[in-house]
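Heads up: the structure comes next, in C-alpha cells.
Note that ligands are numbered from 1 as they come in the structure, with each ligand's atoms numbered from 1 the same way.
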Amino acid sequence: MDLSPILNPLNEAQREAVTAPLGPVLVLAGAGSGKTRVLTHRIVWVIQAEGASPHGILAVTFTNKAAGEMRGRVEQLLGVPGGGLWIGTFHGLAHRLLRLHWREAKLPQGFQILDSEDQQRLIKKLIRAQNLDEARWVPREVQWFINSNKDEGLRPQHLKDGSDPTRHQLIKLYTEYEVACARAGVVDFAELLLRAFELWRDNPELLAHYRRRFRHVLIDEFQDTNAIQYGWMKLLVGSEGYPFAVGDDDQSIYRWRGARVENLHQFRRDFPTSKLYRLEQNYRSTGAILSAANGLIANNSGRLGKNLWTSGERGDPIRLYAAFNERDEAEFVSHRIRDWVAHGGQRREIAILYRSNAQSRVFEEAFLSGRIPYKVYGGLRFFERAEIKDALAYLRLVSNRRDDQSFERVVNLPTRGIGAKSLDVVREYAKGAGCSLWEAAVACVGGGASLGPKAAVAMNGFLGLIERLAREVNGLALHEQVDHVLQSSGLIEHYKRDKADRGEARVENLDELVSAARGFTPEGMEGELPPLEAFLAHAVLESGEGQADAWEDCVQMMTLHTAKGLEFPMVFLSGMEDGLFPHQRSLNDIDGLEEERRLCYVGMTRAMKQLFLTYAEQRRLHGVDSYAMPSRFIKEVPEEFIEEVRPRIQVARPAAFTRMRSEEPLMPGMRLGGRVRHGKFGEGVILNVEGNGPTARVQVNFEQQGSKWMMVQYLEPL
Ligand code: ATP
Ligand code: MG
C-alpha cells in the first residue's frame with residue numbers, strides 16, 4: 001500500500017510520532033506545530049499500516065467543528081467514508097454511549113440534556129423551594145459546586161460536610177438536584193461525562209466489550225482534560241489499549257472548569273512505557289507573531305519548556321491600536337476588514353477574538369451597519385434564544401413527557417389560563433408522589449388534587465395537545481415535525497401577536513428552526529436515534545456552532561476560549577485592557593493571571609499573517625463606563641515586534657457627540673467635535689467632554705499623537 005500520502009506532508013519529527021510503534025504515545029508540542037495534523041494522520045496510519053479497523057478508533061477533539069474537520073480529513077486520506085469512526089468531543093461521545101446503553105446507565109430512554117441555563121433555573125427552583133435566601137445561596141455558585149464535584153467524579157454521598165453548615169447545605173442541594181434530574185429524566189453536561197464514566201466502571205462486561213473494540217484512543221488538546229475525562233480515557237484504555245495524546249501545557253486554559261494540566265505528567269506515570277515526542281517547528285504563524293507570542297508566554301513560570309521556531313518570513317509587525325472607546329475599536333476593525341477584502345482577502349479568514357461574550361455586541365452593531373457579514377460562535381446562541389427554547393420545550397415534551405423543565409416552560413405558553421396557583425398544586429402533588437409534573441398533572445386533572453374547574457379544563461387541554469402532537473408528528477420528516485409542532489402549539493400565533501417585543505424577529509427565528517431541522521443530518525449517529533431526539537440533543541450540544549449559513553463568507557467572532565485549535569490569516573485580539581483581559585478576577589491571583597496569559601498566548605498563536613491588538617481607553621460594558629489601563633500583556637510582548645497604529649481622525653463619534661453638538665460651547669469657540677490645537681501635541685478633534693467651563697476635561701483625538709484626556713485650558717480653538 002502506498003503510504004506516502006500519509007507521510008509526505010509531515011516533517012521528520014511529525015513522521016516519527018505518526019509511525020510510533022503501537023503503545024502509549026504522548027506528543028508534547030507548542031502551538032501550530034502540527035499536533036492536530038499528527039493525530040489525524042496517526043488515525044489513517046493505524047488503519048492503513050497497522051491494519052486497524054476504522055471501528056476500532058475513538059478520537060476526541062475539542063469542538064464538534066474540529067471533529068467534523070478531522071473526519072473530513074481522514075476520509076480524504078483514506079479515500080473512503082470513515083463511517084465507523086468515533087470522532088467527537090468528550091461530551092458528544094459520552095452522549096452517544098449513554099443513548100446506546102441508557103438502560104445500563106439507569107436513564108430513561110428519551111432522556112434529555114439540560115444546558116447550563118436550564119440547570120441554573122432548576123437549581124434556583126430548588127433553592128426557593130427550601131426557602132433559602134438567594135443572596136446567600138447564589139444559584140450560579142451552587143451550580144459551580146455541583147459541576148465541579150461531578151468533574152472530579154464525586155456524587156453527594158462521597159462528600160463530607162466536615163460539620164460545616166454551609167457545605168452541609170450545598171451537599172443537600174446537590175442531593176436534591178440529583179433527585180429532580182432523575183425525576184425529569186434530564187442530564188446536565190457534567191453528568192454526561194460522569195454517567196459515561198460510571199457506565200463503564202460499573203458494567204465490566206460492557207467495558208470489556210469497548211476495550212476490545214476501541215484499541216486506539218486518540219485525544220487532542222490533552223492539557224485541558226479534567227479528572228473525569230482522564231478517568232474515562234484510562235478506563236477505556238485499560239492495560240492493552242493504545243492511548244495517543246497530544247497537548248501543550250502553554251495552552252491550558254480551562255483550569256477554572258476543572259482541567260488539570262498535571263494530566264500530562266499523570267499520563268507518563270500511568271503509562272510508564274509511553275513514548276514522548278516533541279515537535280518544534282511552527283507552520284502557522286509569521287516570525288514576528290511567533291516571537292511575540294513566545295515573548296509573552298516566557299513570563300509564565302513552571303512551564304514544561306519548549307522550543308518553537310519557524311522557517312517562515314518575519315512578516316508584518318503586530319499592530320496595536322488604542323481606540324478611544326469600544327465603538328471606535330469596532331469601527332477600526334471594520335475598516336481593516338474592508339481593506340482586507342478590497343485586497344482580495346476573504347472574510348472567513350478573519351477572526352475577532354474577545355475575552356467576554358458581551359463584547360461581541362458592539363462589533364455586531366458595527367458590522368450590521370457596515371454590511372459586513374459575520375458569524376458569532378457561542379455566546380449569542382441561536383439555540384439559546386427564548387423563542388427557540390420555547391419551541392424546543394414543546395418538542396422535548398412531545399418526545400419525553402417527564403421533562404419537568406420543559407413542562408414548566410410551556411404549560412402556560414401561550415397563555416391558556418393555568419396560573420401560578422394551579423401550578424403550585426401540580427408541583428406539590430409531584431413532590432408528594434415523587435413523580436414528574438406531567439404525571440402529577442394527569443393525576444390532578446383526574447381528580448387527584450383540587451385544581452379549580454377552569455384550570456382543570458385548561459390543563460386537560462394542554463395534556464391533550466401534547467398527546468395529540470405526539471401522535472400527529474409520528475412518521476413525518478423531521479422538519480415537518482418541527483413545523484407542525486410550532487404551528488399547532490400556538491407558538492407562532494403567540495409571537496405574531498407580540499408586536500412590542502421583537503415578535504417579528506422571533507417568528508423569523510422560529511422559521512429558521514424549521515430550516516435548521518431540514519438541513520440536519522445526525523453526524524456519526526445515523527440510525528441510532530429517532531431524528532427528533534437526535535435533533536434535540538444536537539440543539540443542546542452544538543448550540544452556537546454553525547448557526548450561520550456555512551457557505552456564506554463571513555467574519556468569525558468568538559471568545560478566546562472558543563478559538564483554541566483554530567487558525568486564521570488575520571486575527572484581532574480586542575479589549576486588551578487590564579480588568580477585561582486579564583480578567584478582573586485574576587488580577588490578584590498568580591495562577592489565575594498565568595492562565596489568562598496562556599489564553600492570550602492561545603489568541604496570538606491563532607494568527608497566521610496579521611495580528612492586531614486593540615484596546616479602548618474608555619469602555620462601556622454591561623452598562624458601566626470604565627477607564628482602564630492597557631493590558632499588561634501588551635507590555636510583555638517584546639517591543640520590537642509591535643507597531644502602534646495612529647488613530648485616524650473622525651473614525652467614529654461617541655453617541656454623546658450628536659447629543660451634545662447643540663449644547664453650549666465649552667469655551668468661546670470650542671465645542672464637542674470642534675478642532676483645537678495643543679502646544680505640544682498639535683491639532684486634533686474634541687471627542688468627549690467631562691464637566692464644563694474652564695475646568696472641563698476633554699478627550700482630544702490628535703492627528704499625530706492619538707487620543708488624550710486633558711484640561712480644556714491647555715487648548716486653543718481653531
Ligand atoms: P494548536 O496548538 O494551535 O492546536 P497544532 O499543533 O495542532 O496547533 P496544527 O493545527 O496541526 O497545529 O497545524 C498548524 C498549521 O500548520 C496547519 O495549517 C497545518 O496544516 C500546518 N502544518 C502542520 N504540519 C505541517 C507540515 N509538516 N508541513 C506544512 N504544513 C504543516
Ligand atoms: Mg491543534
| field | Which residue and heavy atom of the protein sit nearest atom 9 (P) of ligand 1, plus the separation | value | G34 CA, 3.7 Å
| task | Could you tell me whether ligand 1 has any atom less than 4.0 Å away from a heavy atom of E221? | result | yes
| message | Is R606 close enough to touch ligand 1? Criterion: a residue heavy atom under 4.0 Å from a ligand atom. | response | yes
| request: Looking only at protein heavy atoms, identify the closest one to atom 15 (C) of ligand 1 and say how far it is in Å. | output: E567 OE1, 3.3 Å
| task | Run the numbers for me: atoms of ligand 1, each under 4.0 Å from some heavy atom of Q14, listed by number. | result | 23 (C), 24 (N), 25 (C), 26 (C), 27 (N)
| request: State the atoms of ligand 1, each with its element, that fall below the 4.0 Å cut-off from a heavy-atom position in N11. | output: 27 (N)
| task | Any atoms of ligand 1 less than 4.0 Å from a non-hydrogen atom of G565? List them with their elements. | result | 4 (O)
| task | Check whether more than 12 heavy atoms from other residues, nucleotides or ligands sit under 6.0 Å from atom NZ of K635, and answer yes or no. | result | yes
| said: Main chain of I6, side chain of W45: is a donor-acceptor contact present, judged purely on distance under 3.5 Å? | reply: no
| Between V18 and R42, what is the shortest heavy-atom contact and its length? | O-NH1, 2.8 Å
| query | Quick one: does S33 get within less than 4.0 Å of ligand 1, heavy atoms only? | reply | yes
| request: Around atom 23 (C) of ligand 1, find the nearest protein heavy atom and jot down its residue, atom name and distance. | output: R37 NE, 3.5 Å
| remark: Ranked by distance from atom 5 (P) of ligand 1, the top protein heavy atom is K35 N, 3.4 Å
| task | Would you mind checking if D578 and R632 are paired as a salt bridge, meaning a charged N to carboxylate O distance below 4.0 Å? | result | yes
| For L560, which of Y354, Y601, F581 qualifies under side-chain contact (heavy atoms from CB on, under 4.5 Å)? | F581
| remark: The answer for which part of Q251 has a heavy atom under 4.0 Å from ligand 1 is side chain
| remark: re atom 10 (O) of ligand 1, the protein heavy-atom contact at minimum distance is R284 NH2, 3.1 Å
| request: Indicate whether any N or O donor in one side chain lies under 3.5 Å from an N or O acceptor in the other, for D220 and T61. | output: no
| remark: Within the 4.0 Å heavy-atom cut-off, what P9 brings close to ligand 1 is backbone
| field | Whether F612 and F572 hold their rings parallel, tilted or perpendicular, with breakpoints at 30° and 60° | value | parallel
| said: Angle between ring planes, F62 versus Y254, binned at 30° and 60°: parallel, tilted or perpendicular? | reply: tilted
| remark: In this structure, atom 28 (N) of ligand 1 is nearest to the protein heavy atom Y283 CE2, 3.4 Å
| request: May I ask you to say whether K306 pairs ionically with E280, meaning some side-chain N is under 4.0 Å from a carboxylate O? | output: no
| field | Structural part of L10 in contact with ligand 1, heavy atom criterion under 4.0 angstrom | value | backbone
| message | Any salt bridge linking K150 with D188? Criterion: basic side-chain nitrogen under 4.0 Å from a carboxylate oxygen. | response | yes
